[in-house]
Structures are given as C-alpha cells and as structure tokens.
Amino acid sequence: MAKQFRKKVLSREDDEDETAQNRKEKERGVKRQPTSPHEANDDDDDGSESEQERLCDQREREQLDRNIRERDAAATRKLSEQKEAFATRRSNIVGDVETLRKVSRQEYLKKREANKLKELGESIEDGEYLYKGVKLTEVEYNRLSYEKKIYELATKHEAATHHDQYYRIPEPYDDHEGGVNQEKRFSVALQRCWDDDLNGRDKKSNQFAEQKAWEDQQIGKATLKFGSKNKRRKCDEEYDFVFEDQIEFVKKSVLLEGDQMIANGNVDVGKVQPSHQLDKLREERKTLPIYAFRERLLQDVEKNQVLIIVGETGSGKTTQIPQYLHEAGYTKGGKKIGCTQPRRIAAMSVAARVSQEMGVKLGHAVGYSIRFEDCTSEKTVLKYMTDGMLLREFLVEPDLASYSVVMVDEAHERTLSTDVLLGLLKDIARYRPDLKLIISSATLDAEKFSDFFDSAKILRIPGRRYPVDIHYMEAPQADYLDAAIVAALQVHVTQPPGDILVFLTGQEEIETAEEIFKHRTRGLGTKISELIICPIYANLPTELQAKIFEPTPEGARKVVLATNIAETSLTIDGIKYVIDPGFSKMKSYNPRSGMESLQVTPISKASSMQRAGRAGRTGHGKCFRLYTSYNYDSDLDDSTVPEVQRTNLANVVLTLKSLGIHDLVNFEFMDPPPCEALLKALELLFALGALNKVGELTKVGRRMAEFPVDPMLSKMIVASDKYKCSDEVISIAAMLSTGSSIFYRPKDKQVHADTARLRFHSGNVGDHIALLKVYNAWKEANYSTQWCYENYIQVRSMKRARDIRDQLERLLERVEIKLSSSNDLEAIKKAVTSGFFPHCSRLQKNGSYRTIKHPHTAHIHPSSGIMALEHHVLPRCVLYHELVLTTKEYMRQVTEIKPEWLVEIAPHYYQLNGVVEEDYSTSKKMPRGKGRTSTSKQIPNLVDYSICV
DNA sequence: CAGCTCCGC
C-alpha cells in the first residue's frame, strides 16, 4: 500500500487534470508517448539492457529528486493553506461519520467492511475512489492523500524541532531525597499485593514460621541438587578457565540517543529548598522532561480525539499527563480520567505517587482499581487501573460515559486485554466525539498505533535514560547457559563495579546456573571479589525475592539471575551490565487441537532492546548479547507476536459478545487473531450454551460473562445451580484458576510431599475433588499457614484461591444463584462435567488416552493423583482441565467420569457428531449405518463412544 | 513416570 501511495504522489504533475487524463487514456488502452523516464519505465515491459537500465535509473533518480524538491518547495510555501484544506476535508469526513453514527452498529460495520478494501486508494472499476466511505474523484483523492502526507510530515518535523529546543534533563526524582525510593516502593507494593496483611486473617507469627520454613526448603533444595547437576557440567577442575576460556565480544552499537541527553542532563537544575514537602514535590514535577511539553500536549489533546504519546522511560508521562488534564479541566462535571496499566503493582504505585504529588489522600481524588482491591470513591477523578479492570467496566458501562479521557499506558506491551481494549476504545470513540484517547507506546510501534487510530497525531517526549553499549559475540556459542555464566564471570573480573543481570528462561535453568556459579566461584577464593547470586522468578517465595533489592555491599558484586520477570515487571537498581542469551519461554496455542505449549524461543528485537535498556537505568551501562550481530539482524523478529494471536480466545469472545459486538471477524483488532482461533472460541461457547445458533448471547452466556474466569469454569459455576452444590464448585473453580502450583514438592522431601498429597486423593476421587478437599481442609484449619507447610501446600496459591473464591461468592448473588452445599460427590462431578465436557478423553488399548472431540492422543500428567495411587487402574473415561505439551502431550487435573454423564449433560455435543461437523457436513439426517462408515474416520465421537459404553 | 515464561479479570 505504501509503495502504491508513494507512486501516486510522485507521479502527480503540477496539473492534476492532465494526470487524470493520462490515466484515463491508459485505462482505455491508448498507448501514448512517454513524457518522462519515470513513466516510460512504468509502461515498458520488455527487459532492457543493464546499461540502459543504469541510465534510466540515473535519469529516474534525477527526475525523482527534482520531483521531491518541487514538492518540498510547494509544501513549505503552501503549508498553511494545505493544512486548512486538510482540515476542511477532515471535517467533511467527520460529517460523514456523523451520519453513519445514526446507522446501527451492524450496518455500519457491514458498510465499513465493504469499504475496507477500497480505503486509501484501491480504485474501483469506473475510476472512482473511496476514502472512509466518501466518494472522491481521482483528483480529489490525490490531493487528499498528498495533503495528508504533508500534514504528517509537518507534524513530525514540528515534533523533532521541539524536541531539541525545549529539552533539558533534570534530576531524577526517584533518587531525590525524600522522593520515591524504588526499593521501598516495590516492597510496599509487594506486601499489599501478595502478603495479604490488609485482610489481617493471618497471625504474624505464623507468617514468620512459614517464611523460615520456605527459606530452609529453598536452601535445602539448592544444596541437595548440587551433587547430581555438576556432573553434567563438568567444571570441577577448571577453576581458572574463567581467564582462559573467554568469549570475544564486539562492540557494535550504542543504544539510544542517550549520550546527548545525558550530556545535557548534567546541567545543574538548581537545588530546590522547599519548606514544605508538597512544594518540593511540585518543584520536582517541573523537572520532568514532560513538563516542557505541557502546553503542547494540552493543545494536542484538545484538537485531536486520539493522541499517541511516545514517552520513553523516565519521561514522567504516566504520573504527569493525567494531572495536566485534570488541571486543564477535563474532570469537570463529574467526569473521570482513566489510566490503564498492564500490571497491578504499577497501577498501585503510580496512584500512590500521584496522590502524594497532588497532596490528597489515596482513594479520594486519586485512586486505583485492581482486582480484589478497589481503592476509589465517588470523588475520584484520576483513576489508575489495570487494563483488565477497565475491560470489566465496559460490561457495566459500555460507552464509558463517566470518563472524559482514557489513557492506555504501556500499550506497546500488547497484552491480551490491551489489545481488546484498543479495539473497543476505537469503536466507542466513534460514538463519543467528546471522549479523548491517549495511547502511550514505545518508539518502534508508534506508527502502527497511529495507523490503527486513523493517522492519529504522534507526540514524542524524550525520556531520561543513559546510553547502553551493546556487545555482540563474535562467533555463535552452542550452550547459552554456559556462555552466560562465563560471560558473567568475565564481566566480574574485567569490568568496573556494577551489578549484573542475566536473563534466563525458567526456574530450573536459574537453579542450575546458581549452582554452577557457586561452584565455580568457590575455588577462586580471594582471586576475585565476592559475587552474590540472586535468583528471581515469579514462583520464588516473596521473602527470597526481596533479596534482589538489598543494596550490594562494598567491594562485592551482585549477579541477578532472572526470568523475563525482570524485563518489564520489576526494575532493579544498580544494574550496569546485562547479559542476554536471547531466549525466553513463550506460550503458544494451537487453535486446531486446543493445545497450549510452553517452549523456549528466541526473543524479538523489541524485547532484546528492552533487556538492554535495563542496563541504563542508573548510569552508563553495557549489554552483552550472546549471539552475533548477524543473528540479531537476520534471525530475530522485529517484535514479539502479540498475545491475541497465540492464546485461547474463548474468554475474549465471551466478553465481546456480552458487550453486544456481534460481528467478531470485523472487530478491529490491531493484529487480528487467526480466524481459526475465533471459530474455535465460538464453537466452544456454542457448545457450552453461551451462544445460540445465530451466535447471540444466551441467558447462560450472560451469567457466565459475569465471572472473571475462563468460560468453561464459569459454565461449571452456572451449572452448579442445578446440582445444588455451588459452594463446592466455586471452591474448585477458584483452585483451578490459581494455576497448577498448589502442591509443593521439594526435591529432598518428595516422599513426604507425595504421601501428604495422597491423603487428599483418598477414595480415588480425582484431582478436582482433591482440590476441593484441600481447600476445605485449609478452611477448617482456619486458613493456617502452618497447616499449609505441614501438608506441602503453597500458601500463596491458597491465599489467591481464597480471594478468588470470595469474589466468585459475591458474584453468585448477582446472577441469582443460591449458595448451596452438597455432600454428593457425583453431583459435584456432574457440575464440573457440564463445564468441561469438551475436555474428555477415552482410554485406548495401548494405555494412552484419546480426546473424544478431536482425535488426539494424550497422557495423564504424572502429577495427577490418579497416577500417584500405588496400584492405579487407568480409568476408561476422564475429564481434564487442560492439555499441555511438554515432553509429551499431557492432561493436567484429571477426574474420572462416567461416560453416561456426557450424553446426559451434553446431548447436543455427544449425540450429534460434534458441533462444527454437524453444521458443515452432516446437516441432513443420515441413515445410521451409512453415517457410521463415512464419518467414523474423521469424527469418531459417537462411534467410539458407543463402543466405549 | 514430569515441571512452573509472565501478566490479568
């Protein structure tokens, strides 16, 4: 499209009419003499000689240059005129949208879809052009696109000049005395987030006991594993090889235009001597890079409905922009300004900071809203929240009427909810011209966001970052883990003080690396200064996580071994060196089989930049990439595949449907997910009874959408009403949605842990009921942490489950389901089955299982209670919670069911040959015998099933 | 007998 566009602009002569005529002639097939080499090239099809080509090329380039010069001259001369013309044109288009607004949403979408192809320059047969549904002549079209181009150029130019003119680096406010201390900020956030002190349900002493226990376990784990692991990595007698076996690095590039910025930054801004803390904070606000852009920002927001902000880290955009807008009066008339964050901690800490700056109490004028914790009141005008939370608010208030501005922060991270949110916001912006949108993104993606929002204006704000040197390896290395360790030690020996951050892929790898490190440094003794190893990953107990924030003692150096948690979620001060092996674990989803897998994949360029940037938070840093610069250029993708494209969309689809968005294929995702994934989701929702045949939301679906859990879980909850066991079912749902890290199994106490776990499986009840038993037992033990430790259960997961359960219980009331308890295990299992009937598999002769819906072999995960029983008999028919691909295809959380239940509960699914097949291939009734033979290969559901019974 | 990148509602 871009090429086409360019060509059109360039080939445009001063006299548009002539061009138009030429084109018309061409269309009629009239051959005419080429008037310029450029055009000649266009018309001549025969392959010309290279000499000729070269000449042609040169002439063409000259012509091109001339064209560009002319255009630029014209552009400068007529800039104001053009702008005006553009504005009128724009208002015409807006006018047209106005009429469209009166049309229903469906009709509008249909119309838009029809125009989509023709938008921006696809001509239709009779030579007419359409732009946003407005019919234009070619001349008009050309002028419009030309104007648009110039307008864009002008804006970019403006942004660029302003950048140089106004920018100056102030002191970083975080380091300022009395300012926010990162460490404190984090630890406070952590406590509120995970430790649950606020609820006060736990005794302090218990907590300490447990912490101690955890710590001991962790240490025990590490030392025990030590012996076996180091055999594999034979490094016993090679202490000195740190100095021999060096990796050659090439310094290739310097990240960012940082040098200049920092050079400016050393200018003393002048010490502020405030008498009052608030004054001081106010002064600090003025030192942020964004302060210089305040007026421009406000103007831009006023003039444009959508504004893209490119604010680098440290520009202060998240804290300042909402405040500026508030000061400018966007909160008058009871309207709110919303700002979304992808993470809970970010939402909380930013809100805290802003309330401090404004001198108000958190939760009054400034508040935050995250799951389990709504810290807002009726007076709140600046509301920070997680993006998922705003998504839920859409359900209550589909047009977001109470907001005057919505700011989507960190949009470049492209989380699932951000993507859905962007689509929705774009949609409602059409109906609400008064709603302002601000999208903040990273440099690389700004254009893309701008395109998505119909060429929205981009405002660039410089950040406060230090330069980072990037070193590549000279030759690729086979074992990146080994290379990472060698590189870290090399940095330690050769580089000046500063902590090291090593990115690894997962817990196991980190643990291995930790041992190797300890082993290698032990023998070096006093040859090198002390090296402190700090592992960090999400599953690590909180107290141990806190270790990374402890300041490094004098003379020592800290090595942080992190998963990609350190890429975005937390920042560690003092990091000067980053070692980036270039891998991370990523989840992918195969919509056809419904299988998720977690695999180590190369990272993208964007995330390698992000990793490198981690070295430049507090000073000039260095990043060592354990791949060559050739690898970087040719093997890495530009950006990570957005989450929408690699995840199960059932939940998203349900949310969208309950928002009245019917036509999902035309829903504007920035990067549309594969159609298969959408279909799969629709199919599932239809099977669950959330949608009817036409794809409309049913009453069941409406109730399901209320619960913030996966559709199958919410179906199970809704169905529990019928079986009078909602009390038990929500416990199971809560336990299932915490993830699979309920049971704790330290390597040194495996037997104990297993026997402890087996207790919950007594009677071979299945994993679902076992989870219920765990929860109930914990409840009876008065939510004791001690109890968890005794039973080898992760407290953190249990607390989470409790929170989720509480929330689900509150929501039951809203969908008019009575809380009822039952001892009938069969009833509970049936309720579970009504949500999970699509996840069933049948035992085969060879001992493996085959999923009933799509033929797919799978195995019971060894962590399941069924496998743990001593003389276990494999059940004939099981229901599973999820299918994961690791070394094999495994079913996790498995419960035996009776095949009869399937027909009883989901006759539509198991009597007919599946949902899709029914729709597409076997819509007419088939004689029984015939149907059997013809369909048994692809659709074994009924056939196999009947044999099974 | 195997494994838990990471967020979020």
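Remember, predicted model here, so these are calculated numbers, not experimental data. So you know, we letter chains A, B, ... as the sequences are listed, proteins then strands, and number each from 1. Note that these values count all heavy atoms, side chains included, but never hydrogens, waters or copies made by symmetry.
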- prompt: How is A:V709 classified with respect to the nucleic acid when contacts are heavy atoms under 4.0 Å: base, sugar-phosphate, or nothing?
  reply: base

query: Hey, is the side chain of A:R343 poking within less than 4.0 Å of OP1 or OP2 on B:dC6, counting only N and O atoms?
result: no

- prompt: Between A:I370 (CD1) and B:dC7 (P), how many Å, whole number?
  reply: 14 Å

query: With a 4.0 Å cut-off, would you call A:K383 and A:E393 a salt bridge?
result: yes

- prompt: Which whole-number value in Å describes the distance from A:L659 CG to B:dC9 C1'?
  reply: 13 Å

- prompt: Which part of the nucleic acid, if any, lies within contact of A:M586, taking any heavy atom under 4.0 Å across all strands shown: a base, the sugar-phosphate backbone alone, or nothing?
  reply: nothing

query: Looking at the side chain of A:R800, which of B:dC4, B:dC6, B:dC9 is the nearest nucleotide?
result: B:dC9

- prompt: At under 4.0 Å between heavy atoms, what does A:T563 touch on the DNA or RNA strands: base, sugar-phosphate, or nothing?
  reply: sugar-phosphate

Rounded interatomic separation in angstrom, taking CD1 from A:I603 and C1' from B:dT5: 12 Å

message: Once you apply a heavy-atom cut-off of 4.0 Å, does A:K888 come out as touching a base, just sugar-phosphate, or nothing?
response: nothing

- request: Select from A:N564 and A:G388 the residue whose nearest nucleotide in DNA chain B is closer to the 5' end of that strand.
  value: A:N564

- prompt: So, for A:S726 and A:I817, which heavy atoms are closest and what is the spacing to 0.1 Å?
  reply: CB-CG2, 4.2 Å

task: May I ask you to say what A:S417 touches in the nucleic acid, namely base, sugar-phosphate or nothing, with a heavy-atom cut-off under 4.0 Å?
output: nothing

query: When all nucleic acid strands are considered with a 4.0 Å heavy-atom cut-off, which category describes A:Y890: base, sugar-phosphate, or nothing?
result: sugar-phosphate

task: Name the closest nucleotide to the A:K587 side chain, picking from B:dC9, B:dT5, B:dC7.
output: B:dT5

- request: Mind checking A:T887 for me? I need base, sugar-phosphate or nothing, with any heavy atom below 4.0 Å counting as a touch.
  value: sugar-phosphate

- prompt: Within this structure, what is the CE-to-C1' distance between A:M867 and B:dG3, rounded to whole angstrom?
  reply: 15 Å

- prompt: Roughly, in whole Å, what's the span from NZ in A:K585 to P in B:dC7?
  reply: 14 Å

- request: Identify whether any heavy atom of A:T386 sits under 4.0 Å from a base atom; if not, whether one sits that close to sugar-phosphate; answer base, sugar-phosphate or nothing.
  value: sugar-phosphate

task: May I ask you to say what A:L416 touches in the nucleic acid, namely base, sugar-phosphate or nothing, with a heavy-atom cut-off under 4.0 Å?
output: nothing

query: Between A:K587 and A:E596, is the closest basic N to carboxylate O distance under 4.0 Å?
result: yes

Spacing between A:R757 atom CZ and B:dG3 atom P, to the nearest angstrom: 14 Å

query: When the ring centroid of A:Y792 is compared with that of A:F743, is the distance short of 6.0 Å?
result: no

query: How long is the line joining CZ of A:R892 and C1' of B:dG3, in whole Å?
result: 7 Å

- line: Here the distance between atom P of B:dG3 and atom CG of A:L540, to the nearest Å, is 21 Å

Residue A:P862, side-chain heavy atoms: nucleotide from B:dC7, B:dC1, B:dT5 that is nearest: B:dC1

- line: Judged by nearest nucleotide, the residue sitting upstream toward the 5' end of DNA chain B, A:S584 or A:S737, is A:S584

message: If I compare all heavy atoms of A:E511 with all of A:Y537, which pair ends up nearest, and what's the gap?
response: OE2-OH, 3.3 Å

query: Would A:R343 and A:E413 pass as an ion pair if we require N to O under 4.0 Å?
result: yes

- prompt: With sugar-phosphate meaning primed atoms plus P, OP1 and OP2, does A:R371 contact a base, only sugar-phosphate, or nothing at under 4.0 Å between heavy atoms?
  reply: base

